[in-house]
Amino acid sequence: MKQLLTTEQLDEGVTRLAAEIREFYAQKPLTMVAVLNGSIVLLADLIRRVDLPLKIGLVQASSYRGAATEPGDLQIEMAMVPVLRGRHVLLVDDIFDTGNTLSALLAEFRALKPASVRSLVLLRKHGRRTVAIEPDHVGFEIPNEFVVGYGLDYCDAYRNLPFVAVLEPSEDGSIPLPS
Ligand code: 5GP
Ligand code: MG
């Protein structure tokens, strides 16, 4: 499997993101809302590097269905979102691809009237954006390839890889699952 970002590179990137967050949210009541399931690894690594009082919340967004590597209909589950009145919300997602997910989530969260809503993504895929918005904080720019690891899955597999890898089709064109 081709490693696109090593554990060391991810570590540096998350440390850099944490420094940006620390600077921007000093003195502001911060709630980080992680987008399940892909951003749990990022959330866990990020919050331990942000030396500020903060709360966390979770929201589920799913657009990939099973073996599809192209996005389908987006479903958002807000049941685990905490009260956000007076809070500064930072949405934390694994990857910005078309931007559809983040755009829809930003609209949902703005409707809850928190003090502010911004966004952070670990990865941004090059040349795929179809929406007007850009994430406020980006860990790494990556080429337009399907990636797994560090929380990102294919058919719910590979999330536990400690690096980000490109998932390449086998010779028969199918995408491999771990045995
Ligand atoms: P968007 O709505 O920006 O097109 O897609 C964002 C969501 O699609 C991400 O939160 C992620 O769950 C999924 N996604 C986009 N690209 C990839 C990829 O290369 N690998 C994986 N595993 N998921 C992706
Ligand atoms: Mg996602």
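Quantities reported herein were computed from a predicted structural model and do not represent experimental measurements. Numbers for residues simply follow the sequence, beginning at 1.
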Is the positively charged end of R128 above the ring of F96, judged by distance under 6.0 angstrom from the centroid and angle within 45° of the axis? no
Okay, side chain of S39, backbone of L43: is any donor-acceptor separation there less than 3.5 Å? no
Can you tell me if Q27 has over 12 outside heavy atoms packed within less than 6.0 Å of its CD?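 Result for CD/Q27: open.
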Against L42, only a single residue in V92, D93, I47, V121 fulfils side chain to side chain contact (heavy atoms under 4.5 Å, CB included); can you say which? V92
Given the rule that I, L, V, M, F, W and Y join up when any side-chain heavy atoms are under 4.5 Å apart, are V83 and I76 in one cluster? no
So, are D11 and R49 salt-bridged, with charged N and O less than 4.0 Å apart?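 Looking at D11 and R49, the cut-off is met.
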Nearest atoms (heavy-atom pairs only) where [X] meets [Y]:
X: G99; Y: I133; result: O-CD1, 4.3 Å
X: R87; Y: P29; result: NH1-CB, 3.5 Å
X: L177; Y: C155; result: CD2-CB, 3.9 Å
X: A61; Y: V35; result: CB-CG1, 3.7 Å

Could you check if a side-chain atom of P135 sits within less than 4.5 angstrom of a side-chain atom of L102, using non-hydrogen atoms only?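 Yes. Closest side-chain heavy atoms under 4.5 Å.
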What I'd like to find out is whether the side chain of P82 reaches to under 4.5 Å of the side chain of K55, using heavy atoms alone.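 SC-SC contact between P82 and K55 ruled out.
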Under the side chain to side chain contact (heavy atoms under 4.5 Å, CB included) rule, what do L54 and L90 come out as? Steps first, then yes or no, please. CA-CA 11 Å; L54 60 85; L90 181 67; over 6 Å; no
Can you check side chain to side chain contact (heavy atoms under 4.5 Å, CB included) on V81 and F109, steps first, answer last? CA-CA 9 Å; V81 175; F109 280 82; 3.7 Å; yes
Side chain to side chain contact (heavy atoms under 4.5 Å, CB included) between R16 and F140: does it pass, once the steps are laid out? CA-CA 11 Å; R16 175 166 39 77; F140 300 91; 4.1 Å; yes
Before you tell me yes or no, could you show the steps for Y150 and D94 under side chain to side chain contact (heavy atoms under 4.5 Å, CB included), namely the whole-Å CA-CA distance, both residues' side-chain angles and the distance that decides it to 0.1 Å? CA-CA 9 Å; Y150 200 75; D94 48 9; over 6 Å; no
